[in-house]
4 protein chains.
Amino acid sequence: MRQSDENKKIAIGKAAIQLINSVGFDGASISKIAKVANVSPATIYTYFENKEDMLLKLYVMVKKELAIALLQGLDESLDIKKGIHLMFESLIAYSEKNIESFAFKEQFANCPLVANVCEDEELRAVIEPLKSFIEKGKRQNILKEVSIEYIGAYLFHPISTLIKRKYAHQEKLTEEEKNLMFAMGWDAIRK
Amino acid sequence: MRQSDENKKIAIGKAAIQLINSVGFDGASISKIAKVANVSPATIYTYFENKEDMLLKLYVMVKKELAIALLQGLDESLDIKKGIHLMFESLIAYSEKNIESFAFKEQFANCPLVANVCEDEELRAVIEPLKSFIEKGKRQNILKEVSIEYIGAYLFHPISTLIKRKYAHQEKLTEEEKNLMFAMGWDAIRK
Amino acid sequence: MRQSDENKKIAIGKAAIQLINSVGFDGASISKIAKVANVSPATIYTYFENKEDMLLKLYVMVKKELAIALLQGLDESLDIKKGIHLMFESLIAYSEKNIESFAFKEQFANCPLVANVCEDEELRAVIEPLKSFIEKGKRQNILKEVSIEYIGAYLFHPISTLIKRKYAHQEKLTEEEKNLMFAMGWDAIRK
Amino acid sequence: MRQSDENKKIAIGKAAIQLINSVGFDGASISKIAKVANVSPATIYTYFENKEDMLLKLYVMVKKELAIALLQGLDESLDIKKGIHLMFESLIAYSEKNIESFAFKEQFANCPLVANVCEDEELRAVIEPLKSFIEKGKRQNILKEVSIEYIGAYLFHPISTLIKRKYAHQEKLTEEEKNLMFAMGWDAIRK
DNA sequence: CATGAATGAGTCTTCATTCAT
DNA sequence: GATGAATGAAGACTCATTCAT
């Protein structure tokens, strides 16, 4: 029996992300993805149940990857502002190393299709340390009394949007922009 | 009696926005839109060059409408924080009165198709008062030295996202949420 | 506005029946039918909702046509055996003039897809005279006390099967075969 | 423990017949059959040359099985009418014990694909006793001078159709129906 | 012998758009 | 100006079959 080829699955995922970034989910047809991934359209269906399933699986994968990158080096003992800043920089670093994945994630962040993905068990577990770090900040009276969604909305979302916009013009963030955005985000969430 | 021309155009626009909100741009086919608007598919082409043109025109229209609503009552003589707060409340008020248009605008805010729409001449003009109000705030040393995009990113974007999410669950903003978000946004942009 | 073209619908129906006869329902793909009918595949969908709807509509049409042919000349005052023989001959005559339609009907006579077609209102009405003729035969103590389905099963079904088989070999019924089959059918149903 | 080869072939045949009965020949895809039979799609090709070959082999198999059942107990010395009746009852008995096989056979009785199967050598041999029994009936001047096909058409076909129809509604034949149909069939073929 | 992976060809259907009236 | 008919191209997906193990 022929062996399942993990490389093939990766190639398909990469092709899909690339195409979805450039022409959108509906524009990225199965046959186009197949062509880019250098497989037959039918082959895609041996790795994913259908197009929507593919999107979902890729989204969860990228989201998990990003979460892990974000939390790299985060330590309960870290000073709150320093920890927050670390994550802020990690986000930027990740986006620069994985710009395609990053753009892909951004595109679907607010898509109804993936709305309930957050309830993915594994993903929840990965995010746990972030949550407790924030909680600590609130207990120390350093951060405002807000749920984690708000942290995302003011700390991560604006910078993500900017990165995405720069990417569209094939530009990169300047040091100045990073500093400004961190300052604004920090002011928004700190007490 | 056959409806007059302008009514027909409005009916098409409304149908398109409704459908795009519920099934996405690609899901909202010309013939479906035509059916909802009670016209022939061919008729749509007497009002718009093609589907993409339709999206663009509707987007600009809504964006302008929103900009006008936002600036309603804004006066150069107004205290900076009060002016900012006024716009913040106007945004919410608009979204509650025009939830379909609002959701439509949000859906395409980050779509490459409409990326260059900001350069629409008329739109630029409408936004002018906002710009000069912000400039005043900076001159008065009340606001941070940031371009207008950042104001949007911290003051309008997070609340818009929340409204959209609430809308998806058919909920509404609470007074508490509004206050919190204004506080965070204001802290982000003020000096 | 372009006029609906009845010829086109007929061409599609004819092509469909022809193809279904020679390669079966599943073998007769929409695109093959379109090619034979000399229209675009999409055009078929302006005349029929979908493939199944097409089959059903064609089946009802043919069935009605056949029923009308069968009852041609049937008169309540006719002698029972003569009336039965008239229908028997009409069936053969119809099959010889409309062999494609006839074969098509036969193919689907027992197909679950069209099982409930008999309940088609119009069809029911068309068949009414046949029913009352049979009833008369039973009242006159000439025919066995059986429901109309049995009449079909012994009088019409065997001859239809034979016609179909002959058609497959491009042959025709002989006078002898006709006589024999009428005799057998008549003996089966008469008292 | 892996099932033995012959079991596997039987499992495939059973799965195929089942599926073909419920979704038709084209609806019963090789991979679906494989799933039901609990084998790999490729395995099916070690037992059958291709899908059509599978249908044919299964059809001949069932047909032979039925023929054997039909002739069980038939004896040259038997009274003609009794012998005919015996076969009639055997047909019913077989159909009730092997409803899936029976329905399968019926479905393809008139399919062009299997048209020439009757010329299968073995099958011919099995049917021989039936033929000579009929010949005897003709010689005794009890049966009409008709070929064996006509016996089938009037004696076996109508009852088969009724069984099939009942099966579709998950009903069974009543004693009354059996008697009536035998009477009609017998009247049709007897002199 | 048995298998799951792989695939090109094909399925039905819908699409944005144009044509003829 | 307005329309329904018409269409070639494309959509997601499944198929019978073969291949490599």
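Throughout, a chain's letter reflects where its sequence line sits, starting with A, and its residues are numbered from 1.
When distances are taken from the side chain of B:Ala42 to each of E:dT13, E:dC15, E:dT18, the shortest belongs to E:dT18. The nucleotide whose nearest atom lies closest to any side-chain atom of C:Pro41 is, among F:dG4, E:dT13, F:dA2, E:dT13. Side chain of C:Tyr45, nearest nucleotide from E:dG4, E:dC12, F:dA6: E:dC12.
Judged by distance alone with a 3.5 Å cut-off, a donor-acceptor contact links the side chain of D:Ser40 to the base of E:dG4.
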Mind listing the side-chain donor-acceptor pairs of residues 32-40 of chain A below 3.5 Å, one per line with the distance, residues two or more places apart or on another chain?
{"residue": "A:Lys32", "atom": "NZ", "partner": "A:Gly27", "partner atom": "O", "Å": "3.1"}
{"residue": "A:Ser40", "atom": "OG", "partner": "A:Ala42", "partner atom": "N", "Å": "3.2"}

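When each of B:Asn50 and A:Thr46 is assigned the nucleotide of DNA chain E bearing its nearest heavy atom, the one mapping closer to the 5' terminus is A:Thr46.
Following rounding to the nearest Å, A:Leu19 (CG) and F:dG11 (P) show an atom-to-atom distance of 11 Å. Between A:Ile30 atom CD1 and F:dA10 atom P the separation is 16 Å, expressed in whole Å. Atom CD1 in D:Ile44 sits roughly 17 Å away from atom P in E:dC1 (whole-Å rounding). Between the C1' atom of E:dT11 and the NZ atom of C:Lys51 lies a distance of 8 Å, rounded to the nearest Å. Going from atom NZ of D:Lys32 over to atom P of F:dC13 covers 15 Å, rounded to whole Å. Rounded to an integer number of Å, the gap from CD1 of B:Ile33 to C1' of F:dG4 is 18 Å. What separates NZ of B:Lys8 from P of F:dG1 is a distance of 12 Å, to the nearest Å. As a whole-Å value, the separation of D:Glu49 CD from F:dA16 P is 17 Å.
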Checklist line | B:Glu65/B:Asn98 under side chain to side chain contact (heavy atoms under 4.5 Å, CB included): CA gap, chis, key distance, verdict | finding: CA-CA 10 Å; B:Glu65 203 179 75; B:Asn98 308 84; 4.3 Å; yes
Check: Checking side chain to side chain contact (heavy atoms under 4.5 Å, CB included) for the pair D:Asp26/C:Phe25: CA distance, chi angles, key distance, verdict?
Finding: CA-CA 9 Å; D:Asp26 290 271; C:Phe25 180 65; over 6 Å; no
Margin query: For B:Phe102 and B:Asn21: C-alpha separation, side-chain torsions, deciding distance, then whether side chain to side chain contact (heavy atoms under 4.5 Å, CB included) applies.
Written below: CA-CA 10 Å; B:Phe102 188 78; B:Asn21 278 340; over 6 Å; no
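For the OP1/OP2 pair of E:dA6 and a distance below 4.0 Å, the side-chain nitrogens and oxygens of A:Tyr47 include at least one atom meeting the criterion. Close to F:dT3, at under 4.0 Å from its OP1 or OP2, lies a side-chain N or O of B:Thr43. Here B:Ser31 does not reach the OP1 or OP2 of E:dT14: none of its side-chain N or O atoms lies under 4.0 Å away. Between E:dT11 and C:Ser29, a contact under 4.0 Å exists linking OP1 or OP2 to a side-chain N or O.
Within 6.0 Å of the NZ atom in B:Lys57, the count of heavy atoms belonging to other residues, nucleotides or ligands exceeds 12. Heavy-atom neighbours of C:Lys64 NZ from other residues, nucleotides or ligands within 6.0 Å: above the threshold of 12.
Here B:Asp26 lies out of heavy-atom contact (under 4.0 Å) with every strand.
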Next item on the list: Using Watson-Crick or G-U wobble pairs with both distances under 3.5 Å, give me DNA chain F in dot-bracket, 5' to 3', with [ ] for crossers and | for pairs to another strand.
Entry: .||||||||||||||||||||
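Put simply, the side chain of D:Tyr167 reaches to within 4.5 Å of the side chain of D:Glu100, judged on heavy atoms. Counting only heavy atoms from C-beta outward, the side chains of A:Ile30 and A:Phe48 never approach each other to under 4.5 Å.
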